[in-house]
Undergrad: 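Please read through the structure below; I'll follow up with questions.
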Amino acid sequence: MIVLGIETSCDETAAALVTDTREILSSVVFSQIQQHQPFGGVVPEIAARSHLDHIETVIRTAMGEAGIRWKDLSGIAATCGPGLIGGVIVGATTGKALAAVHDLPFIAVNHLEGHALTVRLTSNVPFPYLLLLASGGHCQLLLARDVGDFVRLGGTIDDAAGEAFDKVAKLLGLDYPGGPEVEKAARGGNPKAYALPRPMKGRPGCDFSFSGLKTAVRHLVETLGHPPDKTETADICASFQAALGDSIIDRTTHAIKDARKLAPELGHLVVAGGVAANQYLRERLTTLAAETRLDFVAPPLALCTDNAAMVAWCGVERLQKGLVDGLEFAPRPRWPLAAAASAPDENDVKG
Amino acid sequence: MNKKQAILALDTTMRRSAIAISRNGTLLAFLQDIPDSKGQAERLMPLIMATMKMAGLAFDSLGAIAATVGPGSFTGLRVGLAAARGIALAADIPVHGITSFDALAEAVRETTESPLDIAIAIDSRRGDLFFRLDSHGQAGEACALSPEKAADLCPKGPFIVCGDGASLLMRALPEHTNILLRDDITDPDPRIMAHMAETGRALVPPTPLYMRPPDVTLPKTS
């Protein structure tokens, strides 16, 4: 079984071919970062235009690199949300057109499920597992019980983790996207140089909040009274990363307890999304997993950020279960992966 | 007889989806849905499938695709072009673009022998017009401008006005301007576009004609 995956939900135009034997035949990602860089963030209309400009070439390249013809395919999977709707529409419509012409099953993929199932493609992780999904647009803790069966244990009540990185980078005059820049700058810094809040730490539940931390960093920069020099930048980045790390570890610790109540056989702690590329956080989570007798799994870096291999794989898993969609499937900007385990969190509008 | 001769033409730039299939100058099928700025991405492909069924054709009977490139609704033209280019990619056939101006002007010419100039006014939904004035059968320059500025470009009269922005333009014209209003020609008609594709008239690459940069301002440098 070979599935073509298409991803256009944010600022990456991507196509990939993946088999049911967990082989990535090709994975092509065209990043729009340079187009958005002058604006310090993703501009939806620029993203939508760029997706349409590049999607065909990206698909052709993925098919060519894999040496695959249309008749070799078992299905077409495209991200249909959540994300920037202008881009989602381009990828979803292209995917539907390809499926229609060759009478192939169409699979409408939830971008978050794509991230969530990536470790099953790369490491064949069995259900159930606890998933920390952290990216520029999302930050949540989910219990993954099966394909299409997730329990949301907690999520951010304001900013996503990746968003906090981007905003801090902007405050310090670092490049966009901020995650890798802050991580790089933090490497030489002292994580104890500045006292920053540990949002939500010690509170019950598994929700996140990063907006206060970002504000604290802004106050800190303003108090300096001058643009931070290299050492100060390093120290601020290291202190911010440590604070964010403490908060994530605290919330994830709660989530492990909650997840075990629902699934006592829980065996893995999994991290996914762009923030999972952060080595410091990976180390902290590895330690936490060891302390709580869980195996820690994170996808390789290229599969943490947005890509189409995860979409194709999600397509494989859904197709195997007969979960296919009609060509009338409506692309959606918001598409929660799971109902909340307790009270629904209206503030986490990002997924 | 070449099996791959049918043309599928579609327009999605005016908040409704319309599809026509023709072969050798004969219309085989035509379907359109009701205008609704939302939902084109969910309705277009099923509508294409229904039109194909109505024509009694499979995708391997298509020889080419034609789609409007705009100007019009940004989302609409992206849905249409993504579908058209996706079908063309999968079926390995050419895809032609047709501007909304050319599709509308062609509709006027198909139904009148008149040598009058044609003012094509498309409502940008931002208070101004996408506008083109075709004089002596020659396509003019496409521009985005206020109805008043468009009125300044118009001849003293008589001339023909078409497009869904016709009423905006007419309000800006001097009183008693002698015009022939074609209020029956507001949206690009895929039946006419299929004919244009068959005869190779006014075809352009299938790339969007937005006629407006993205709404965004560069952040102030601190």
Side-chain angles (χ1 to χ4, degrees), chain A residues 4 6 8 35-36 38-53 55-57 59-60 63 69-71 73 76 78 80-81 85-104 106 108 170-171 173 176 227 325-332, chain B residues 8 10 12 17 33 38-53 57-62 65 67 69-70 73-93 95 205-210 212-222:
Chain A
L4 168 67
I6 297 170
T8 57
Q35 290 167 268
H36 300 291
F39 307 100
V42 180
V43 182
E45 178 62 21
I46 292 179
R49 292 183 181 196
S50 182
H51 284 303
L52 182 62
D53 288 345
I55 185 74
E56 262 178 281
T57 310
I59 292 171
R60 272 183 212 277
M63 296 289 284
R69 284 170 297 182
W70 299 111
K71 65 174 179 57
L73 294 179
I76 310 268
C80 287
I85 194 65
V88 173
I89 281 176
V90 169
T93 305
T94 304
K96 287 176 181 181
L98 301 176
V101 169
H102 292 288
D103 198 19
L104 289 165
F106 175 72
K170 213 169 177 174
L171 284 169
Y176 168 85
D325 300 281
L327 297 180
E328 74 288 352
F329 191 94
R332 48 201 69 172
Chain B
L8 185 150
L10 63 91
T12 50
S17 305
D33 64 4
K38 289 197 173 75
Q40 277 180 316
E42 54 197 279
R43 293 195 313 262
L44 179 61
M45 278 315 299
L47 197 66
I48 289 175
M49 302 307 274
T51 318
M52 292 293 289
K53 199 174 168 189
L57 295 182
F59 281 101
D60 61 6
S61 310
L62 297 180
I65 308 269
V69 296
S73 145
F74 290 175
T75 298
L77 70 90
R78 275 195 286 268
V79 170
L81 285 173
R85 283 155 52 162
I87 292 170
L89 172 65
D92 195 22
I93 54 175
V95 54
T207 47
L209 180 62
Y210 293 110
R212 193 193 296 282
D215 274 338
V216 63
T217 46
L218 274 170
K220 288 192 200 93
T221 44
S222 48

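We name chains A, B, ... by the order of the sequence lines, and we start the count at 1 in each one. Quick caveat, the model's predicted, so the values are computed rather than measured.
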Undergrad: Determine the option with the most heavy-atom pairs under 4.5 angstrom with chain B, choosing from A:Ala92, A:Ala48, A:Ala99, A:Gly95.
TA: A:Ala48
Undergrad: About how many Å separate OG1 of A:Thr93 and CD1 of B:Ile48, when rounded to the nearest 0.5 Å?
TA: 9.5 Å
Undergrad: Considering only heavy atoms, which portion of A:Val90 lies under 4.5 Å from any heavy atom of chain B: side chain, backbone, both, or neither?
TA: both
Undergrad: State, to 0.1 Å, how close A:Lys96 and B:Ala41 come at their nearest heavy-atom pair, and which atoms those are.
TA: NZ-O, 3.0 Å
Undergrad: Within this structure, what is the CG-CD distance for the pair B:Leu47 and A:Glu328, rounded to the nearest 0.5 Å?
TA: 13.0 Å
Undergrad: Look up atom CZ in A:Arg332 and atom CD in B:Glu42, then write down how far apart they are to the nearest 0.5 Å.
TA: 8.5 Å
Undergrad: If I measure from the heavy atoms of chain B, does A:Ile59 come under 4.5 Å with its side chain, its backbone, both, or neither?
TA: side chain
Undergrad: Tell me which of these, A:Glu56, A:Met63, A:Arg60, has more heavy-atom pairs under 4.5 Å with chain B than the rest.
TA: A:Glu56
Undergrad: Is there side-chain contact between B:Arg85 and A:Leu52, with at least one heavy-atom pair below 4.5 Å?
TA: yes
Undergrad: Among the options B:Ala58, B:Pro208, B:Ala83, B:Ala84, pick out the one with the most heavy-atom pairs lying under 4.5 Å from chain A.
TA: B:Ala83
Undergrad: Between A:Ile55 and chain B, with a heavy-atom cut-off of 4.5 Å, which part of the residue counts as in contact: side chain, backbone, both or neither?
TA: neither
Undergrad: What heavy-atom pair brings B:Met45 and A:Ala97 nearest, and what distance separates the two atoms?
TA: CE-CA, 3.8 Å
Undergrad: For the atom pair CZ (B:Arg78) and OG1 (A:Thr94), what is the distance rounded to the nearest 0.5 Å?
TA: 12.0 Å
Undergrad: Which side-chain N or O atoms in residues 86-93 of chain B pair as donor and acceptor under 3.5 Å with protein atoms at least two apart or in another chain?
TA:
none

Undergrad: What pairs with B:Phe59 under ring pair (Phe, Tyr, Trp, His ring centres under 6.0 Å), at least two apart in sequence or on another chain?
TA: none
